Amino acid sequence: MSTLGIPSNIEAGIDQELVIGVTDTLTVRAAQIRSEAILWQPLLRSAVIKDHDFNVITAYDTMTREQQMERINVDGLNIVKTLINLSVSICTEKTLQHVLVLVDDVLSNAENIKYFEQIEEGNAGVSNGDSSSGHSSWEPFLDLLNRPDQFIVHQSCLILAKVISTGRFRLDAKNLELYINWQAGQLSASNTYLHTVLASQQLMLRVPEYRQPFYESTCLDKMLNILSSRISFQLQYQIIFCLWLLSFRTTYCFNLLNFIKPTAEILREALKEKVIRIIMQFYRNLLTNHASPRKPAELMIQGKVQVAVGQLIEKNWKDEDIKEDVEQVKNVLDEMLQDMSTFDSYLAEVKSGKLEWSPLHTNPAFWRENAQKLNQNDHEVLRMIRILLKDEQDTTTLAVCAHDVGEYVRHYPVGKYNIEKLGLKERVVALLENDDPKVKSAALLALQKLMLNNWEFMAKTNV
């Protein structure tokens with residue numbers, strides 16, 4: 001385990017995942033900006049930039065990216081100081097965009113964070129009023145989050161995350177709160193720079209002291225809304241990656257349970273190995289680190305995760321770690337299913353909202369033993385079935401729900417009053433108009449069982 005609370009073998013791969021991840025609006029726009037020439041001479045004549053910075057930037061900006069990287073190795077501190085000075089002094093959007101791209105290029109090599117650290121060390125202990133102190137290595141980028149241009153804003157966001165996360169320097173509590181609250185405001189599926197915001201959070205959440213303020217913010221609520229909508233697999237991966245980073249700590253696992261349902265839905269449809277892998281690692285952490293492992297296990301069973309992992313375990317994976325994670329999650333859920341009573345399993349399936357033809361529904365012995373249990377907790381199960389009969393579109397679920405209503409009254413005749421009182425009878429009647437013949441048949445059979453119990457009751461009354 002690394003000092004960041006992340007297994008060291010996985011931590012080493014984080015930066016590469018970020019490089020792969022941010023092939024989005026920011027990357028495309030940065031490539032365009034990088035190729036555009038900037039006229040520096042007018043800025044010198046108008047005293048926007050100083051002679052020293054002019055000399056440094058004009059020499060540096062004419063180099064190829066490869067030459068720039070070589071030059072950084074020779075004069076990195078001087079170049080970084082100039083780029084930060086320009087980030088503060090320049091107001092024109094086009095030029096400022098260009099400068100920010102150059103800053104991010106410097107940080108594309110993680111070793112170059114040392115120049116930003118040296119600036120902070122040089123400023124330490126020097127009052128803000130002393131002009132010799134120069135500019136902070138991070139504050140200009142925090143200030144730029146208020147600019148109207150969205151490229152400037154989000155490029156600054158990513159630069160700031162790198163500066164405060166990849167080296168020794170840590171942002172103070174007040175400014176960290178400002179930064180995280182700003183990020184929360186950008187967490188929307190409609191934000192074309194959402195990849196960049198999430199990439200910055202992937203970086204930040206590597207740092208243990210940043211996790212608690214993040215957890216206490218509205219970021220998780222925003223992520224839950226986004227993850228429950230139709231988004232790209234890359235955005236799914238980035239959000240779940242952040243959840244996985246939080247799931248190493250027991251106290252954070254409580255609210256992370258809210259993400260089991262949407263991630264289970266994603267898992268059933270996922271095609272990308274990286275998405276499957278991060279979901280399995282997230283689940284494995286929840287099952288290991290939650291104070292009560294039974295809670296995440298029950299939610300996973302409700303979400304049919306055990307069915308999905310049963311299919312995944314048969315696949316051949318390029319990444320051997322996926323197979324290990326899948327096997328671990330499957331073993332835990334299998335053990336939990338064995339410990340759960342038969343009715344617990346039935347309840348979990350109803351709560352999942354997706355019913356299938358299984359022995360739980362078709363075995364008469366199950367209904368003889370458990371029909372009356374549908375009355376528990378103010379008819380909780382019957383109320384859930386009523387909702388499914390109204391809102392569900394899946395024909396198998398509708399047919400099974402109708403079947404279960406029939407079996408309930410067949411094995412608990414007095415229950416016909418509950419069926420009518422709760423409005424389930426009219427929902428079953430409505431299924432007679434369904435286009436699917438299996439749904440119609442199940443509904444008709446359920447109504448026949450209901451009428452049969454009425455006749456039997458009348459016969460007994462007349463005796």
Side-chain angles (χ1 to χ4, degrees), residues 1-22 107 110 113 138 141-142 145 154 156-173 175-187 191 193-227 234-259 262-263 274-275 277-286 288-290:
M1 188 72 69
S2 75
T3 56
L4 299 177
I6 304 168
S8 55
N9 64 320
I10 299 174
E11 182 188 338
I14 289 179
D15 290 336
Q16 183 61 21
E17 293 288 5
L18 286 173
V19 171
I20 295 171
V22 193
L107 287 168
I113 191 65
W138 58 268
F141 309 110
L142 184 64
L145 298 180
H154 288 90
S156 300
C157 166
L158 189 58
I159 291 171
L160 181 58
K162 291 178 179 180
V163 172
I164 67 173
S165 304
T166 57
R168 297 190 303 272
F169 174 74
R170 296 292 177 259
L171 198 59
D172 63 276
N175 286 303
L176 178 63
E177 182 180 5
L178 289 173
Y179 184 34
I180 292 176
N181 287 339
W182 178 89
Q183 289 177 327
Q186 307 304 309
L187 287 174
N191 183 357
Y193 286 91
L194 182 56
H195 289 85
T196 305
V197 178
L198 292 172
S200 70
Q201 294 176 322
Q202 285 177 272
L203 284 164
M204 287 180 59
L205 290 174
R206 296 172 62 186
V207 182
E209 50 262 50
Y210 292 161
R211 295 177 194 161
Q212 185 69 30
F214 179 92
Y215 182 78
E216 293 173 351
S217 73
T218 60
C219 286
L220 283 179
D221 292 335
K222 300 289 187 67
M223 285 181 166
L224 184 59
N225 289 335
I226 296 170
L227 204 61
Q234 179 59 36
L235 291 174
Q236 292 173 345
Y237 172 81
Q238 288 182 270
I239 290 175
I240 301 169
F241 190 100
C242 292
L243 304 178
W244 170 70
L245 291 174
L246 290 171
S247 66
F248 284 92
R249 186 169 176 179
T250 297
T251 53
Y252 301 151
C253 288
F254 179 78
N255 282 344
L256 295 180
L257 296 184
N258 296 329
F259 289 88
T263 52
K274 63 187 288 185
V275 176
R277 183 184 74 233
I278 200 65
I279 292 176
M280 287 294 98
Q281 291 174 341
F282 174 52
Y283 285 173
R284 190 171 179 178
N285 273 6
L286 289 180
T288 302
N289 299 329
H290 195 281

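Worth saying up front: this structure is predicted, and the values here are computed from it rather than measured.
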Flag side-chain contact, heavy atom, 4.5 Å: [X] against [Y]:
X    : Y    : value
Q201 : Y210 : no
T251 : Y215 : no
L171 : M204 : no
Q238 : L194 : no

message: Name the residue from R211, Q212, H290 that meets the side-chain hydrogen bond (donor to acceptor under 3.5 Å, both in side chains) definition with Y252.
response: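 Checked R211, Q212, H290 against Y252; only one passes side-chain hydrogen bond (donor to acceptor under 3.5 Å, both in side chains): Q212.
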Main chain of [Y], side chain of [X]: is a donor-acceptor contact present, judged purely on distance under 3.5 Å?
X    : Y    : result
N285 : F282 : no
Q183 : C219 : no
S200 : L158 : no

- request: For the pair F214 and L220, evaluate side-chain contact (heavy atoms from CB on, under 4.5 Å) and give the outcome as yes or no after the intermediate values.
  value: CA-CA 8 Å; F214 179 92; L220 283 179; 4.1 Å; yes
Shortest non-hydrogen contact between [X] and [Y], atoms and distance:
X    : Y    : result
E209 : L176 : O-CD2, 4.3 Å
R170 : V207 : NE-CG1, 3.2 Å
R206 : P208 : O-CD, 3.5 Å
L198 : C242 : O-SG, 4.2 Å

- prompt: I239 pairs by side chain to side chain contact (heavy atoms under 4.5 Å, CB included) with which of T263, I226, I278?
  reply: I226
Reported [atom1]-to-[atom2] distance for the pair [X] and [Y], which is rounded to 0.5 angstrom:
X    : Y    : atom1 : atom2 : answer
L107 : T166 : CG    : OG1   : 6.5 Å
L243 : F259 : CG    : CZ    : 5.0 Å
L142 : Y179 : CG    : OH    : 8.5 Å
F241 : L235 : CZ    : CG    : 15.0 Å
I180 : T218 : CD1   : OG1   : 10.0 Å
L224 : L187 : CG    : CG    : 12.0 Å

- prompt: Q186 and K222: side chain to side chain donor-acceptor pair (under 3.5 Å), yes or no, with the steps?
  reply: CA-CA 9 Å; Q186 307 304 309; K222 300 289 187 67; over 6 Å; no
- request: Assess whether atom CD of E177 is packed by more than 12 heavy atoms of other residues, nucleotides or ligands within 6.0 Å.
  value: no
- request: Check the angle between the aromatic planes of W244 and F248 and answer parallel, tilted or perpendicular using the 30° and 60° thresholds.
  value: perpendicular
task: Specify whether H154 and W182 have parallel, tilted or perpendicular ring planes, treating 30° as the upper limit for parallel and 60° as the lower limit for perpendicular.
output: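 Ring orientation of H154 relative to W182: tilted.
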